[in-house]
Every structure is written in structure tokens, then in C-alpha cells.
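Here's the structure, in C-alpha cells; my notes come after.
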Amino acid sequence: MTADRPGFEDTPLLPGSEYRVHDPGRPHPPTVTPGGVVTQPPPADATVLFDGTDLTGWEAADGGDPGWTVEDGELVVVPGTGDIRTADPLGDCQLHVEWATPADPGDAEYPGNSGVFLADRYELQILDCAATDIYADGWVGALYGQHPPLVDASRPSGAWQSFDIVWRRPRFDGDTLATPARVTALHNGVVIHESVEPFGPTTYRDFEPYEPHGPAPLRLQDHDFPVRFRNIWSRSL
Ligand code: MG
């Protein structure tokens with residue numbers, strides 16, 4: 001344990017791991033400078049979730065109209081308005097999301113925080129790691145609080161970045177977990193997760209037990225920063 005690094009030492013041990021949730025002693029991912037942002041127009045069989053026009057197909061995560069804005073073809077977090085989610089549920093899918101944290105990270109402790117919640121529950125972290133230091137399982141690309149990314153493939157503050165995700169939702173036999181969820185992901189074209197299994201829904205300083213669910217919305221996080229999104233699509237698997 002290294003007490004002068006961010007993290008917690010009173011959190012649960014992760015299953016099969018020597019590390020705790022937000023463990024300050026967990027090594028940070030090594031840096032791999034990516035070649036650029038992967039910007040990929042929707043393939044022919046994709047479902048376009050955001051095409052730069054408007055918020056059709058999105059709602060506030062707690063119901064009602066989404067509070068985010070569309071400016072210059074970009075979907076922008078309006079801090080304080082809450083998370084937004086797709087009105088339609090997504091099952092197993094390939095997912096493409098492009099995003100950018102603010103060009104000026106300011107002096108916030110964890111600048112550019114947002115996130116992509118798979119099935120409304122499992123967060124792939126968005127954070128400006130060019131401008132901050134955080135526990136490894138909170139790093140950009142982490143399955144938050146559980147699995148750090150294999151590498152940090154961040155681009156500079158304000159630059160467009162991409163996630164490409166292969167998502168298999170968990171399966172349940174009645175109330176019992178039959179098969180955990182499974183995530184493969186690339187950050188700016190670099191593999192950050194390969195067939196990783198969440199331990200359950202992600203949360204701060206803990207992880208939650210799996211509870212039965214089927215296909216569920218894709219949710220994007222308002223964590224108090226005007227993070228921008230563009231070109232969001234999925235392909236059903
Ligand atoms: Mg987040």
C-alpha cells in the first residue's frame with residue numbers, strides 16, 4: 001500500500017484479487033500513445049444512437065426529457081442535469097462511442113469525468129487522465145472500481161477519443177447468475193479489455209451483486225463536466 005496515492009484501504013477485496021476496490025497500491029496502467037482517434041462511420045447494419053442532429057432516442061436516466069444539449073453536431077453534458085440513456089434497450093452488441101473531455105481541465109481533482117454505462121449498470125470510465133492521478137480502477141477505460149484498463153491509450157485534454165466495445169450481457173437462470181457479463185474494449189484503437197467479466201454492477205468504493213436483468217439502455221454519465229460525444233452507434237450481435 002502507498003498511502004500518498006489516491007485510493008482507499010477500507011474497501012472490499014475484489015474476487016480472486018489481492019487488490020481492494022480503488023486500491024492505492026494497484027499499479028497504474030502503462031501508457032501507450034495511440035496513433036489517433038478511431039472515427040468510424042456507422043456500418044450498414046448499425047443502429048445509429050447519435051448522429052449529430054438531436055436527442056431523438058434519448059431520455060433522462062430518471063425519466064423525462066434529457067437535459068443535455070446538441071451543439072455543432074456534438075452531444076454535450078450539461079452539468080447538473082443528470083445522466084441520459086437510450087430509450088430503447090440494447091442486448092449483446094458492438095458499440096462505438098466518440099468523446100472528448102474539456103480542453104482546459106481546470107483544477108478539478110478528477111477532470112473530464114463521465115462514463116459509458118453498459119446495460120445501465122456497468123461503467124466504462126471516461127476521465128482526463130492526461131491531467132490527473134487516480135486509483136488504477138478509476139482510470140480512463142476502467143470497468144470502474146473493478147478492472148483497470150490493460151493500458152492507458154489516452155489522447156491529450158480536449159482531443160477526440162474513441163471507445164469500441166464488444167458487450168455480452170449477463171445471463172440469468174431465474175434469480176441466479178448463469179453467465180457473467182463479458183467486455184472487450186478498445187480505446188483509440190488499442191485493446192484495453194479482452195473478455196473481462198464484471199463482478200457485478202459498478203459503483204463507488206464497492207461493487208454490487210448481479211441482479212437479474214435483460215437487454216437494458218445504454219447510459220451516459222453526467223459527472224459535472226461538459227464532456228462531448230459524437231458518432232454513437234451499435235450493432236446487434
Ligand atoms: Mg465516470
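Just so you know, ligand 1 is whichever comes first in the structure, and atom 1 is the first atom listed for that ligand.
Between Leu118 and Ile165 the shortest side-chain heavy-atom distance falls below 4.5 Å.
Using bins of under 30°, 30° to 60° and over 60° for the plane-to-plane angle, the ring pair Phe172/Tyr210 lands in the perpendicular bin. A tilted orientation is assigned to the rings of His22 and Phe8, their planes being inclined by 30° to 60°.
Comment: Glu9 does not engage Arg20 in a salt bridge, judged by the lack of any side-chain N to carboxylate O separation of less than 4.0 angstrom.
Checking Gln125 against the Mg ion (ligand 1), an N/O/S atom falls under the 2.8 Å cut-off.
Considering the Mg ion (ligand 1) as centre, the angle to OE2 of Glu123 and to OE1 of Gln221 is 80° (10° rounding). Angle O(Ser114) to the Mg ion (ligand 1) to OD1(Asn113): 80° [nearest 10 degrees].
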